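Below is one structure, written out as structure tokens; comments come after it.
Computed from a prediction, not measured in an experiment: that's the story for all the values here.
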Amino acid sequence: MTASPSVPTAPSTTVPPGAWRALALVTLGFGVNFWAWALLSPLGPVYVERGLAADASLIVALPVLVGSLGRIAMGGLTDRYGGHLMFPVVSLITVIPVLFVGLIGQYTYSTLLLGGFFLGIAGTTFAIGVPYVNSWFPPAKRGMATGLYGVGMGGTAISAFTTVPLVNSVGDAAPFVLTAIALVLYAVIAWLFMRNAPTWEPSRKNIVAQSLSVMKLKVTWQACYLYALSFGGYVAFSVFLPTMLQNWYGLEATDASFRMAGFVIVAVIMRPLGGTLSDRLGASNTLLVSYIAVALAALTLAFQPDLMPVGTVAFIVMAAGLGLGSGAVFALVAQTSDPSVVGSVTGFVGAAGGLGGFVPPLVMAAIHADSGSYSLGIVLLLVATLGAIVVTLFVARGARATAEEKLTVPR
């Protein structure tokens, strides 16, 4: 009797029981930790007004740098120990710098920098959530799932809406104490109710060796560049936009913070859409749409248009493009990376995204100090975006070649 030829089975799209609860809990944790990570950004202009610093760019950028580089190690640790352990542990550790800055550190420049350095720990949590979410969801749903997880970056909007008003109405320590309480409550909830996926297995590889191995993957570096632009651009605007709006358009600190919060909300809404569209249309096509939007917005803002209505529309388009791209990049990672190394790849890509947010505020501050305008900085963003379009075209060509190769392999 002749055996019938094997027929490839379609990938499962069934979401296992408990996956949606896991996604909700990890997204909540991401949001709370990003709330803590972004506490200094709205207060940057306040510290300048109080004479603690001539410029707030380093104060607001330092947590971004530490949170970015720390993701490399955090991704490997998550592959080894799992999100159920790592998320509550990191949340509790973050309470220490939050209370230090709130109660002691925000009254001198040196202690602000010290507190901001350790506040960066909160930003590493991004590298915990992506592999955790990937382990719960089937490949066909991972773009959507990681996009929904990315909604947690809206924690920066909580900071933008509440930090300055709480300082003005309650006191300097109020936003920090409130955030610390939220972190402790979340850590308890996560420890009691989060679970690692039934299919998840801890990586037994040496963390350093695994990190070195993922550095050899072409997709790691492609995704690093793309995420440095998408998420890095989002982070850069979320930490620097209040200062930019004050210097360029003469807005008050509270008004500038609320507008920054609006920017964040648009980007947050678009991120899950980026992941969902990537599942349906492909990550490369979604990325091309996002970068074209960013390029058009940058071209408009380079001419310093009036804030109403042209400037506001351009900032909204910029936020939408950056949010869409942020969701699509990790759909690309989920679609192209082995599940056992997703954490390590996420660590590198997340670090690149954070570094993409660390450098621009410093560059923009230097450009404004030299020329009195941010136009040159926006032009540099435009050039980087055109580069991302080229990289995305290479990614798309590689994906087509891989698909064609699979079709020609005899079964």
Side-chain angles (χ1 to χ4, degrees), residues 16 18-19 21-23 25-27 29-30 33-34 66-94 120-139 141-143 145-150 152-153 187 190-191 194-224 226-227 231 275 283 326 329-355:
R21 183 180 71 174
L23 177 59
L25 287 171
V26 78
T27 303
F30 183 28
N33 277 273
F34 256 44
V66 176
S68 305
L69 295 178
R71 291 174 189 174
I72 297 174
M74 196 60 68
L77 289 170
T78 302
D79 284 338
R80 173 69 62 88
Y81 298 109
H84 174 230
L85 174 66
M86 295 305 299
F87 235 117
V89 166
V90 174
S91 298
L92 287 176
I93 292 173
T94 300
I121 294 170
T124 66
T125 52
F126 178 78
I128 303 174
V130 171
Y132 179 80
V133 170
N134 274 354
S135 68
W136 270 106
F137 285 82
K141 299 285 187 180
R142 285 175 183 164
T146 55
L148 288 173
Y149 167 68
M153 69 186 191
W191 181 253
M194 277 181 71
R195 296 290 182 269
N196 290 320
T199 57
W200 177 80
E201 294 183 0
S203 173
R204 302 301 181 186
K205 295 181 181 179
N206 178 275
I207 293 176
V208 175
Q210 181 158 306
S211 297
L212 291 175
S213 68
V214 301
M215 289 176 67
K216 299 176 183 178
L217 301 175
K218 182 165 63 175
V219 68
T220 300
W221 298 108
Q222 290 172 332
C224 278
L226 298 177
Y227 202 59
F231 184 71
S326 296
V329 170
F330 275 97
L332 177 69
V333 171
Q335 292 166 6
T336 57
S337 301
D338 186 274
S340 66
V341 298
V342 165
S344 296
V345 175
T346 297
F348 279 97
V349 177
L355 289 174

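- Side chain of Tyr132 to main chain of Leu23: no donor-acceptor pair is present (N/O by atom type, distance under 3.5 Å, no hydrogens or angles).
- For Trp221, there are no ring-ring contact (aromatic ring centres under 6.0 Å, His included) partners at least two apart in sequence or on another chain.
- Judged as a side-chain contact (heavy atoms from CB on, under 4.5 Å), and not counting sequence neighbours, the contacts of Leu25 are Arg21, Ile189, Phe193, Met194.
- A distance of 7.5 Å separates CD1 in Ile93 from CE in Met86, rounded to the nearest 0.5 Å.
- Atoms CZ and OG, from Phe231 and Ser68 in turn, are 8.0 Å apart once rounded to the nearest 0.5 Å.
- Residues meeting the side chain to side chain donor-acceptor pair (under 3.5 Å) test with Tyr149, sequence neighbours left out: none.
- How far CD1 of Ile72 is from OG1 of Thr124: 11.5 Å, rounded to the nearest 0.5 Å.
- Counting only heavy atoms from C-beta outward, the side chains of Asp79 and Pro131 approach each other to under 4.5 Å.
- Across every non-hydrogen atom of Ala127 and Thr78, the tightest pair is O-OG1, 3.9 Å.
- Scanning for side-chain contact (heavy atoms from CB on, under 4.5 Å) contacts around Pro202 gives Trp200, Arg204, with sequence neighbours left out.
- Nearest heavy atom pair, residue Ser91 against residue Ala187, reads CB-CB, 4.2 Å.
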Quiz item: Between Trp136 and Thr199, is a side-chain contact (heavy atoms from CB on, under 4.5 Å) present by the stated rule, with each step listed?
Solution: CA-CA 8 Å; Trp136 270 106; Thr199 57; over 6 Å; no

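- The shortest side-chain heavy-atom distance between Phe137 and Pro16 does not fall under the 4.5 Å cut-off.
- Within the 4.5 Å cutoff, the side chain of Val26 has heavy atoms near those of the Val133 side chain.
- Scanning for side-chain contact (heavy atoms from CB on, under 4.5 Å) contacts around Ala122 gives Asn33, Ala36, Trp37, Thr94, with sequence neighbours left out.
- At least one side-chain heavy atom of Met74 sits under 4.5 Å from a side-chain heavy atom of Ile128.
- Taking the side chain as every heavy atom from C-beta outward, Leu69 and Leu355 approach each other to under 4.5 Å.
- For the ring-ring contact (aromatic ring centres under 6.0 Å, His included) test, residues two or more places apart in sequence or in another chain that qualify with Phe87 are Tyr186.
- Remark: Val66 engages Phe117 in a side-chain contact (heavy atoms from CB on, under 4.5 Å) (not counting sequence neighbours).
- Aromatic ring orientation, Phe126 versus Phe30: tilted (interplanar angle from 30° to 60°).
- Side-chain contact between Phe348 and Arg71 is absent, with no heavy-atom pair separated by less than 4.5 Å.
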